[in-house]
Amino acid sequence: MPSETYERIYAAVRRIPRGRVATYGQIAELAGLEGHARQVGYALHALPERSDVPWHRVINARGEISLRRGGDAHELQRLLLQREKVKFDRRGRVDLGRFRWRARRDEG
DNA sequence: TGCTTGACATAAT
DNA sequence: CATTATGCCAAGC
């Protein structure tokens, strides 16, 4: 069982609705880790691909998939997002101005 | 225990 | 909007 911090992060990621994307900063804020966006990415890194957490809906503040080359995870994320009707830019970036999910406090 | 790295964010240029 | 520099906390060695 992971640390309680991770649990909070996973819970926040699960709050992301379909067809929307959220930035690490948002997840951190929802998880109560405002300012610790790195830990969000780190938690997702430790997340198994068999997990029920929609990690693919989490991207960086630039609307780009930060995953490094050498792994297929970044491609998988793009495919998963495309299945969510999320449009990608020519440079492989998402228009946060349209697909960015506004977190809600009274929701859930 | 201490240094380096990391699925990032923000401010400055 | 892209690039560079700095800050934050946790994991890995």
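Here is the naming used below: chain letters follow the sequence lines, and residue numbers restart at 1 for every chain.
Between the C1' atom of C:dC9 and the CZ atom of A:R8 lies a distance of 16 Å, rounded to the nearest Å. The separation between A:E29 atom CD and C:dC8 atom C1' is 16 Å, rounded to whole Å. Spacing between atom CD1 of A:I9 and atom P of C:dC9 amounts to 14 Å, rounded to whole angstrom units. The NE2 atom of A:H45 sits 12 Å away from the C1' atom of C:dA10 (whole-angstrom rounding).
Between A:L76 and A:W55, the closest side-chain pair of non-hydrogen atoms falls below 4.5 Å. Side-chain contact between A:I9 and A:V53: absent, with no pair of heavy atoms (C-beta onward) separated by less than 4.5 Å. Contact annotation: the side chain of A:W101 never approaches that of A:V21 to less than 4.5 Å [non-hydrogen atoms, C-beta and beyond].
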Protein and nucleotides 11-13 of chain C: nitrogen or oxygen contacts under 3.5 angstrom:
{"from": "C:dA11", "atom 1": "O4'", "to": "A:Y42", "atom 2": "OH", "distance (Å)": "2.6"}

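Residues meeting the side chain to side chain contact (heavy atoms under 4.5 Å, CB included) test with A:H56, sequence neighbours left out: A:P54, A:Q77, A:L80, A:L81, A:E84. For A:R98, the salt bridge (Lys or Arg N to Asp or Glu O under 4.0 Å) partners are A:D95, not counting sequence neighbours. For A:R14, the salt bridge (Lys or Arg N to Asp or Glu O under 4.0 Å) criterion is met by A:D52, not counting sequence neighbours. Scanning for side chain to side chain donor-acceptor pair (under 3.5 Å) contacts around A:R8 gives an empty result, with sequence neighbours left out. Residues that satisfy the side chain to side chain donor-acceptor pair (under 3.5 Å) test with A:Q26, not counting sequence neighbours, are A:R100.
Here chain A contacts DNA chain B (any atom closer than 4.0 Å to a heavy atom, that is under 4.0 Å), and the contacts span B:dG6 to B:dA9 from 5' to 3'.
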Next item on the list: Apply the test side chain to side chain contact (heavy atoms under 4.5 Å, CB included) to residues A:Y42 and A:T5: give CA-CA distance (whole Å), side-chain angles for both, the deciding distance (0.1 Å), then the verdict.
Entry: CA-CA 11 Å; A:Y42 211 25; A:T5 304; over 6 Å; no

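Contacts with DNA chain B (heavy atom under 4.0 Å) in residues 50-62 of chain A: A:W55, A:N60, A:A61, listed by number.
At the heavy-atom level, A:H36 lies under 4.0 Å from the strands shown only through sugar-phosphate atoms. Counting any heavy atom pair closer than 4.0 Å across all strands shown, A:G35 reaches no nucleic acid atom.
Toward the 5′ end of DNA chain C lies the nearest nucleotide of A:R91, the other residue of the pair A:R91 and A:Q39 mapping further downstream.
Among A:L33, A:I16, A:L44, the one residue that satisfies the side chain to side chain contact (heavy atoms under 4.5 Å, CB included) test with A:I27 is A:I16.
In this structure, A:H74 NE2 and A:L79 CG are separated by 10.5 Å, a value rounded to the nearest 0.5 Å.
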